[in-house]
Protein chains: 2
Amino acid sequence: MTDINFSRGATTSDSQGAEGVPAPRSGEMRWDIIELLFFAYRDFVGDADHELEAFGFGRAHHRVMHFVYRYPGLKVADLLDVLRITKQSLGRVLKQLLDEGYIVQKTGNNDRRQRLLYATPKGEALVGKLAGLQTDRITSALRDINPEGVAVISQFLRAMIDRDDPDKVLEAIFGTGSKKPRE
Amino acid sequence: MTDINFSRGATTSDSQGAEGVPAPRSGEMRWDIIELLFFAYRDFVGDADHELEAFGFGRAHHRVMHFVYRYPGLKVADLLDVLRITKQSLGRVLKQLLDEGYIVQKTGNNDRRQRLLYATPKGEALVGKLAGLQTDRITSALRDINPEGVAVISQFLRAMIDRDDPDKVLEAIFGTGSKKPRE
DNA sequence: CAAGATATGTCAACATGACTGACATAAATT
DNA sequence: AATTTATGTCAGTCATGTTGACATATCTTG
């Protein structure tokens with residue numbers, strides 16, 4: 001049936017592109033890691049996507065719930081930095097989660113303009129269910145990997161992340177800035 | 001300014017959810033890997049996203065171009081399997097790439113119903129530019145990791161991917177089925 | 001050969017989650 | 001008192017996904 005040509009790209013030419021742009025230097029590319037990341041992430045988020053349908057939620061709701069649960073008291077502005085979306089876009093999703101009782105807001109103590117976000121028990125349950133699915137996949141993938149190997153994987157993933165202009169959550173993860181995450 | 005509570009979740013309660021659903025068993029979760037994957041992938045695809053704007057394309061175009069370039073002669077049906085989208089959705093993106101000369105179709109030799117897809121030099125140049133950005137990030141992230149470490153990372157990513165019902169590209173990557181990728 | 005299955009393409013309607021721009025309110029800062 | 005900041009909201013648009021229906025060419029099968 002299906003007959004892919006396995007010659008791994010660049011069959012047509014490895015010379016010049018249409019506008020004099022050089023064609024990809026295939027040999028130098030990390031096609032392996034690029035594609036593994038694509039498929040690994042596709043299936044990784046796929047776990048949660050399926051479960052979210054039952055709640056009438058999408059990926060956007062998951063991301064918001066996750067970070068609100070993990071970093072209690074997160075401000076709206078912090079969430080915008082982490083998710084890298086606009087407040088209008090966040091607004092809709094956040095409103096739903098508030099209305100349906102997955103998240104509550106508390107006015108900031110020092111700055112009463114701030115709306116600090118917290119997961120309700122209902123929200124915690126949702127996050128836990130989704131994180132459980134993803135943890136199962138991760139645990140399974142790490143089954144035959146020793147602690148040193150896990151450290152290498154962690155090192156690699158950290159090194160893949162932009163370190164310029166880190167948001168508050170990234171500072172927590174990396175332990176930069178003045179504050180340090182209590183590990 | 002911003003003051004995240006770093007108590008890493010589950011402050012409100014670790015008991016029962018609203019509907020008797022247990023709250024997440026925080027200690028058992030791989031929050032570290034879950035969040036590292038989120039940020040690593042966000043920045044990984046961010047490289048390409050930025051460049052794609054100059055072409056008036058989006059992520060969807062990138063994914064199509066990538067797999068067409070990498071697996072020359074890919075059928076439309078194979079692409080649908082890999083991307084896990086509908087043909088209507090693929091149709092729009094593919095039509096643009098065909099119209100603008102990034103991809104060409106050739107009628108299948110054995111089965112003349114098939115439209116085998118190939119990247120043009122123009123398409124190759126685009127894929128190469130995007131893969132170059134992503135390769136730079138990967139190479140940088142792997143800088144201090146020895147070959148054994150890279151093998152562990154590869155093993156982990158492979159183990160994160162669903163192996164039931166693999167599409168043609170995954171078969172090529174994993175070397176399952178009768179055909180083996182020439183590595 | 002006729003009938004059915006397959007590969008692809010297309011029309012129409014719709015949903016989600018992004019976006020920009022403009023504006024409003026309350027509270028903090030200067 | 002004036003300005004800035006944090007948040008919320010209205011209105012419109014875009015990209016990318018969806019379902020359902022249908023058309024066309026071609027291959028396969030009885």
Side-chain angles (χ1 to χ4, degrees), chain A residues 1-4 42 45-46 48-50 52-53 55-66 68 73-99 103-117 167-168, chain B residues 1-4 42 45-46 48-50 52-65 68 73-100 103-118 167-168:
Chain A
M1 291 296 170
T2 56
D3 41 13
I4 291 175
R42 180 191 71 173
V45 298
D49 284 351
H50 192 260
L52 282 160
E53 284 183 28
F55 291 83
F57 289 151
R59 274 186 207 180
H61 301 85
H62 183 196
R63 291 194 290 259
V64 170
M65 278 309 310
H66 174 95
V68 167
L74 204 63
K75 292 187 315 173
V76 170
D78 294 328
L79 209 38
L80 293 177
D81 283 346
V82 173
L83 302 181
R84 295 205 182 151
I85 58 176
T86 57
K87 64 178 172 179
Q88 296 89 333
S89 202
L90 174 60
R92 263 175 319 201
V93 172
L94 191 53
K95 191 171 190 308
Q96 279 183 273
L97 292 169
L98 287 163
D99 290 347
I103 286 178
V104 288
Q105 288 179 329
K106 293 184 186 177
T107 299
N109 295 325
N110 307 327
D111 189 334
R112 287 167 42 82
R113 291 172 303 181
Q114 298 175 349
R115 302 298 150 78
L116 309 184
L117 304 172
D167 53 58
K168 296 297 164 187
Chain B
M1 288 301 166
T2 54
D3 42 13
I4 290 175
R42 180 191 70 174
V45 297
D49 285 350
H50 192 260
L52 283 160
E53 285 183 27
F55 291 83
F57 289 152
R59 273 184 208 180
H61 302 85
H62 183 196
R63 291 194 290 259
V64 170
M65 276 310 310
V68 168
L74 204 62
K75 292 188 315 174
V76 170
D78 294 328
L79 209 37
L80 293 176
D81 284 345
V82 172
L83 302 181
R84 295 203 182 155
I85 58 177
T86 57
K87 65 177 172 181
Q88 295 88 334
S89 199
L90 173 62
R92 263 177 316 205
V93 172
L94 190 54
K95 191 171 191 307
Q96 280 183 271
L97 292 169
L98 288 164
D99 289 348
E100 302 188 28
I103 286 178
V104 288
Q105 288 180 328
K106 294 183 185 176
T107 300
N109 295 324
N110 307 326
D111 188 336
R112 287 165 42 81
R113 292 170 303 181
Q114 299 174 350
R115 303 297 149 80
L116 309 185
L117 304 172
Y118 298 87
D167 52 59
K168 296 297 164 186

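Hydrogens, waters and symmetry mates play no part in the numbers below; they use all other heavy atoms, side chains included. Here is the naming used below: chain letters follow the sequence lines, and residue numbers restart at 1 for every chain. Just so we're clear, the structure is a prediction, and the values are computed from it rather than from any experiment.
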_Parallel, tilted or perpendicular: rings of A/H66 and A/H62 (30°, 60°)_ = perpendicular
*Considering heavy-atom distances to DNA chain D, does B/G108 or B/F57 have its closest nucleotide positioned more toward the 5' end?*
B/F57
*Expressed in angstrom and rounded to an integer, what is the separation of B/K95 atom NZ from D/dG17 atom P?*
18 Å
_In this structure, how many angstroms lie between the C1' atom of C/dT8 and the CG atom of B/D78, rounded?_
13 Å
*Starting from C1' on D/dG8, measure out to CG on A/D99 and report it in whole angstrom.*
13 Å
_From CG of B/L52 over to C1' of D/dA15, roughly how many Å is that when rounded to an integer?_
13 Å
*For B/R59, report the nucleic acid contact type (base, sugar-phosphate, nothing); a contact means any heavy atom under 4.0 Å.*
sugar-phosphate
*asked:* Without decimals, in angstroms, what is the distance between B/R63 CZ and D/dA15 C1'?
replied: 11 Å
*Say you draw a straight line from CG of B/L80 to CG of B/D167; how long is it, rounded to the nearest 0.5 Å?*
11.0 Å
*With no angle test and no hydrogens, is the base of C/dG21 tied to the side chain of A/Q88 by a donor-acceptor pair under 3.5 Å?*
yes
*asked:* For B/L94 and A/N109, find the nucleotide of DNA chain C closest to each by heavy atoms; which residue's nucleotide sits nearer the 5' end?
replied: B/L94
*Residue pair B/L97 / B/M65, side-chain heavy-atom distance below 4.5 Å*: yes
*Check whether any side-chain heavy atom of B/K75 sits under 4.5 Å from a side-chain heavy atom of B/L117, and report yes or no.*
no
_Do A/K168 and A/V82 have side chains that approach each other closer than 4.5 Å (heavy atoms only, starting at C-beta)?_
no
*asked:* Nearest to the A/T86 side chain among C/dA18, C/dA7, C/dT20, which nucleotide is it?
replied: C/dT20
*Considering only C/dC23, D/dG17, C/dA27, which nucleotide approaches the side chain of B/A60 most closely?*
D/dG17
*Among the candidates C/dA18, C/dC23, C/dT10, find the nucleotide nearest to the side-chain atoms of B/K87.*
C/dT10
_Rounded distance (Å) that lies between atom P of C/dA7 and atom CG of B/L90_ = 15 Å
*Options D/dT26, C/dT10, C/dG17, nucleotide nearest the side-chain atoms of B/D111*: D/dT26
_Nucleotide of C/dA18, C/dA12, D/dG8 approaching A/V76 most closely (side-chain heavy atoms)_ = D/dG8
_Side chain of A/R92, heavy atoms from C-beta onward: which of D/dT18, C/dG17, D/dA6 has the nearest atom to it?_
C/dG17
_Distance check, rounded to the nearest 0.5 Å: A/R59 atom CZ versus A/L52 atom CG?_
9.5 Å
*Roughly, in whole Å, what's the span from CD in A/Q114 to P in D/dT7?*
6 Å
*So, is B/R115 near the phosphate of D/dT26, with a side-chain N or O under 4.0 Å from OP1 or OP2?*
no
*asked:* Just to be sure I understand the rule, does A/G91 reach a base, reach only the sugar-phosphate, or reach nothing, if contact means heavy atoms closer than 4.0 Å?
replied: nothing
*asked:* At less than 3.5 Å, do the side-chain atoms of A/Q105 and the base atoms of D/dG8 form a donor-acceptor pair?
replied: no
_Interatomic distance where CG belongs to B/L80 and C1' belongs to C/dT10 [whole Å]_ = 14 Å
*Where the side chain of A/R112 is defined as all heavy atoms beyond and including C-beta, which of C/dT8, C/dG17, C/dA28 is the nearest nucleotide?*
C/dA28
*asked:* I want to verify a distance call: between C/dA27, C/dG17, D/dA21, whose nearest atom is closest to the A/R113 side chain?
replied: C/dA27
